[in-house]
Amino acid sequence: MQNSQDTFKKIISHCKEYGYIFQSSEIYDGLSAVYDYGPYGSELKNNIKNYWWSAMVKLNENIVGIDSAIFMHPTIWKASGHVDAFNDPLIDNKDSKKRYRADTLIEDFIANKIDKKITKEVAKARKRFGDDFDEAQFMSTNPRVLANLEKKAAIMERFTKAMEENDMAGLKAVIEENEIADPETGSKNWTDVRQFNLMFATKMGALAEGADTIYLRPETAQGIFVNFLNVQKTTRQKIPFGIAQIGKAFRNEIVARQFIFRMREFEQMEMQFFVRPGTEMEFYNYWKETRMKWHRALFPESKLRFHDHDNLAHYANAALDIEFEFPFGFKELEGIHSRTDFDLASHQEYSGKKLQYFDPELQENYVPYVVETSIGVDRMFLATISNALTEEEVPDAKGGTAKRVVLKIHPALCPVKVAILPLVKKDEALTSKARSIFEQLKFSHNCQYDEKDAIGRRYRRQDAIGTPYCVTVDTQTIEDNTVTLRERDSMEQVRIPISGLEQAIAEKLDLRNLLG
Ligand code: ATP
């Protein structure tokens, strides 16, 4: 496909045209960074959640699930650090009136201006030296590369220090000294940097006066921490064990211009794994690899990478992201964090209730350490669609070529699994036979019956939705009870008996193909 901006635009319009995603409140001109999922979108979203829940809860005896409320006691957000520290540094451009996160401006400057220069030098040298090229040696000796690496290190050092010390003037200085410009207009006319808390607040109770301010949760994790003992006691789990949850989270994001990548209302799939203190790095590495494996079952390796955090959050002693190559570059899809005992210890202190585990092997009580895996359903959705949307040239009926748009989503995640199509609408024998197959298959698979338009157009429609299998009923079906089964990606058709259809499709959709 064309350049990445065009690709991204195509993804957004495909999502709208085929009932995957609509702008929220569209007839009122929309609500910024809030989206609704349409008929196919909600199915895909459910399938993504099911894939995650199966991999985490169903297949692991030592992980259990919960569904905690969005509203929680306001002190929880004091204890977790969100009231005081869940801030982003905000900066406005005075000319363009556009708002940015100061940290993102600096990170993008490093990636787009400095890292790219280094990559270019390396590529040029590789071309020049061919097979003899020694990248490590080149990186450590080439003066232009060394100068850029030095510049990057100096910026990173000042940037990290300013972030750690909440030094907003320091961040502004980094932006000004490096002449970082508004990426959309090139203007360098900036306001000061200010802290901005990302939590949405509301009032609980009939009257606003005297009522407590409560927050829409900015992450699902705290619902797990505060239920740690309830769950451990009622399920009799022994450490190490995990608690998983899928649910909505809300963040008043400063910059929200990337479709469902950064939303103000979104959904998370989080798992907190409780471990003996001192063993956290072992489990951190285990979950790092295990989660990457889950992604690799769906996406090519070249589109995934690890990114270790330079700035650790207030609660973490190790953290990394699994990044996916979205149309706008490699960005965080999932976070893996070693959160120490920060949350449980803090809730213990603020609530005055013990949140400890008695370890029967050690014969001692302790506050467990936690390794967390946290992924956004919506980002996973965007990764799935970005990876799937394909334009192809295919042979047409007249011996020429035609364009085909196809969503190559993994069959186990597709919204519609099978379309049942009578070859022609006018033949009553075909339509009633196709209807009877639909009635039979609908109990085991999400099916669609479609008789409108020529068969070629119906295939294209199903390709664009991403339906992996089409069953076509023709005159031979009436004679011998066989149908054609068309596979979306290869467009190959095989003839099989109706009696074997349900089983054949079930085998192709089995989650074992992904998780086995
Ligand atoms: P970012 O650096 O992109 O703002 P984050 O580090 O704040 O993300 P976490 O707090 O680690 O994100 O949240 C865990 C996961 O939740 C992320 O990996 C992402 O998939 C998802 N997520 C976070 N914020 C949003 C958002 N505003 N919209 C959609 N998904 C989000």
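Everything numeric in this text was worked out from a predicted model, so none of it was measured. We count ligands from 1, going down the list as the structure has it; atoms in each ligand are counted the same way.
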>> Students should find this: residues with any non-hydrogen atom under 4.0 Å from ligand 1. What is the answer?
In response: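 Ligand 1 is contacted, at a heavy-atom distance under 4.0 Å, by Arg101, Arg251, Glu253, Phe261, Arg262, Met263, Phe266, Gln268, Glu332, Leu333, Glu334, Gly335, His337, Ser374, Ile375, Gly376, Arg379.
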
>> With ring pair (Phe, Tyr, Trp, His ring centres under 6.0 Å) as the test, pick out the partner of Phe241 among Tyr357, Phe273, Phe274.
In response: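 Running ring pair (Phe, Tyr, Trp, His ring centres under 6.0 Å) over Tyr357, Phe273, Phe274 with Phe241 returns exactly one hit, Phe274.
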
>> Consider side chain to side chain donor-acceptor pair (under 3.5 Å). Of Asn87, Asp88, Asp92, which one does Arg194 pass it with?
In response: Asp92

> Between the main-chain N or O of Leu31 and the side-chain N or O of Gln23, is there a donor-acceptor pair closer than 3.5 Å?
Replying inline: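 Yes.
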
> Charged N to carboxylate O under 4.0 angstrom, Arg339 versus Glu219?
Replying inline: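 Glu219 and Arg339: salt-bridged.
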
> Are Asp182 and Lys98 ion-paired here, with the side-chain N under 4.0 Å from a carboxylate O?
Replying inline: no

> Are Phe328 and Phe326 an aromatic pair by the rule of ring centers under 6.0 Å?
Replying inline: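 Yes, the ring of Phe328 comes within the 6.0 Å limit of the ring of Phe326, centre to centre.
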
